[in-house]
Every structure is written in structure tokens, then in C-alpha cells.
Trainee: 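My questions all concern the structure below.
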Amino acid sequence: MTRSIRPLVAGNWKMNGLKADLAIAAEVAKGYDAALKRGVDIAICPPATLLFTTSATLIGTRIATGGQDCSTQGSGAFTGELSAAMLADAGASFCIVGHSERRTLHGESNATVKAKAEAAQKALLVPIVCVGETKGEREAGKALAIVEEQLRGSIPEGSTAGTLVVAYEPVWAIGTGLTPTAADVAEMHAAIRTELGLLIGKAAAAGVRLLYGGSVKPSNAAELMNVAHVDGALVGGASLKAEEFLAIARACNG
Ligand code: PGA
């Protein structure tokens with residue numbers, strides 16, 4: 001953790017969740033007690049169909065919501081796309097961009113991810129920009145170089161601590177139950193902070209929340225959150241179980 005940074009635990013529901021699953025959000029809200037509220041921010045990123053109702057369910061709870069992706073465009077003839085302004089209108093404060101599933105399955109380049117992050121910022125959403133290497137890249141000793149290149153290509157100029165979150169998610173750790181060692185996470189997060197300093201200035205970079213994501217569970221959260229420059233978590237599978245998600249939030253609360 002970084003002492004001066006308030007941690008964020010964000011849940012990425014991916015393509016999971018029907019109306020009945022609003023109960024998960026309600027249960028998370030119930031467990032977000034005074035002690036947790038003092039120390040950690042929580043956000044839930046449901047599928048877009050549930051964004052408005054989730055946001056409505058969470059009014060008054062201080063739990064934020066976010067989209068999982070947004071268009072690079074503001075409006076117009078883009079069938080099936082959702083603009084950042086639409087997500088904001090549905091109650092979102094955050095938007096995940098550049099998740100590896102988007103980069104891989106939809107061929108999103110760094111330039112596309114950057115345009116999405118800019119579109120999010122324009123709509124006053126805070127983009128959660130995801131970066132991370134594949135297993136092959138790590139084994140080839142290229143993890144740091146790949147992530148630095150992703151940052152150089154994906155981070156909007158002029159981003160500040162209040163308008164940007166970065167999530168380091170090694171592709172091989174997502175949904176696999178595998179996690180990097182604490183030493184590898186420490187090395188990567190320190191490198192991300194340094195690279196951000198070159199891109200947006202040291203002062204701004206010092207306050208940007210750097211989340212770790214990839215198989216975060218109640219059983220490993222405390223160890224991961226103890227690593228320097230890890231300022232919270234981006235949680236997939238475990239965010240669909242309120243008790244597990246809350247346990248991870250408690251681990252972030254020191
Ligand atoms: P996971 O997913 O926690 O299920 O590994 C993380 C993510 O993809 O954001």
C-alpha cells in the first residue's frame with residue numbers, strides 16, 4: 001500500500017449478472033460498515049444492462065459504480081456501442097478500459113485504449129486503465145518492457161491522481177487461480193509508478209491508485225495488498241460473492 005493513498009477495491013462482474021444479482025450489490029452495501037468506509041473505497045462494475053439499477057440500489061451507500069468498457073466516440077451511428085456519457089448518465093463514476101479480454105478478444109490496441117480513457121475522462125468518469133503481460137512475455141523476461149509500452153501508449157496526457165486509476169493484471173493470472181509472487185508485483189508496481197512519472201509528472205503519478213488484479217481472493221488479498229505501490233484490487237470472480245468481495249476490501253483496509 002501507499003500510505004497517503006486511499007485504496008480502491010473494484011469489482012469487475014464481466015458478462016455476469018441478471019436483475020436478481022442486484023442482491024449481491026445490496027449485500028456488499030450492507031457489509032460496507034463504518035470501519036471499511038473510513039479506509040477503503042469500493043466500486044462495482046456490473047454489465048451495462050445493470051448499471052443504472054445497480055447505481056440506484058447503491059445511492060447513499062458511498063459505493064461507486066463503473067462501466068466495463070466505453071466507446072472512443074461521443075455519440076452517433078455506432079450500433080451496439082455505449083458512450084462514456086451514457087455510462088455517467090446511468091450513475092457510473094469509473095470505467096474499466098483496456099481489460100485484457102478486450103485487448104485480446106476485440107483486438108484493442110494501446111491507441112484505442114488511450115482514446116477510450118480520454119473519452120471516459122471527458123465524460124468525467126475515472127478510467128481504470130488495465131495493463132499486463134502474457135505468460136509468454138513474462139517467461140521471455142519482457143514483462144516490464146511490455147507493461148511500460150502499454151502505459152506509454154494507453155495513458156492520456158494530463159491525467160492526474162484524481163482522473164486516472166491503473167490496474168496491473170497479468171493476463172496469465174486472470175481467472176486462473178495463479179498469482180505472481182509478491183516480489184514480482186512489487187517490481188512491476190514500482191516500475192509502473194516510475195513510468196507514470198515520466199508520462200504525467202512525478203507529483204501526479206505519486207497519487208495515482210495502482211490496483212493489482214488477477215485471481216485476487218480473500219486468501220491472498222492481504223499479502224498482495226501489503227506490497228508497496230499496490231493501492232487496491234481489481235477483482236473478477238470473487239466480486240460476484242459479496243462475502244469474498246468484502247473480505248478483500250477488509251484486507252485492503254490494512
Ligand atoms: P479474476 O479477474 O479476479 O477472476 O482473476 C480479474 C479481472 O479480470 O479483472
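When a ligand or atom number is given, it counts from 1 through the structure's own listing order.
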Trainee: Determine whether His189 and Val147 satisfy the following criterion, side-chain contact (heavy atoms from CB on, under 4.5 Å), listing intermediate values before the conclusion.
Mentor: CA-CA 10 Å; His189 277 238; Val147 167; over 6 Å; no

Trainee: Residues sharing Leu234's hydrophobic cluster, by side-chain heavy-atom contacts under 4.5 Å among ILVMFWY, directly or via others?
Mentor: Leu8, Phe94, Ile96, Val126, Ile128, Val165, Leu211

Trainee: Does any part of the side chain of Gln121, heavy atoms only, come nearer than 4.5 Å to the side chain of Pro156, both counted from C-beta?
Mentor: yes

Trainee: By the salt bridge (Lys or Arg N to Asp or Glu O under 4.0 Å) test, which pairs, at least two apart or in different chains, include something from residues 206-219?
Mentor: Asp41-Arg209

Trainee: Tell me the residues surrounding ligand 1, counting only those with a heavy atom closer than 4.0 angstrom, sorted by chain and number.
Mentor: Asn12, Lys14, His99, Glu169, Ala173, Ile174, Gly175, Gly214, Ser215, Leu234, Val235, Gly236, Gly237

Trainee: Go through the structure and list residues passing side-chain contact (heavy atoms from CB on, under 4.5 Å) with Glu148, not counting sequence neighbours.
Mentor: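 For Glu148, the residues satisfying side-chain contact (heavy atoms from CB on, under 4.5 Å) (neighbours in sequence not counted) are Leu144, Arg152, Ala191, Glu195.
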
Trainee: Could you tell me whether a side-chain N or O of Gln150 sits under 3.5 Å from a main-chain N or O of Gly132, the two making a donor and an acceptor?
Mentor: yes

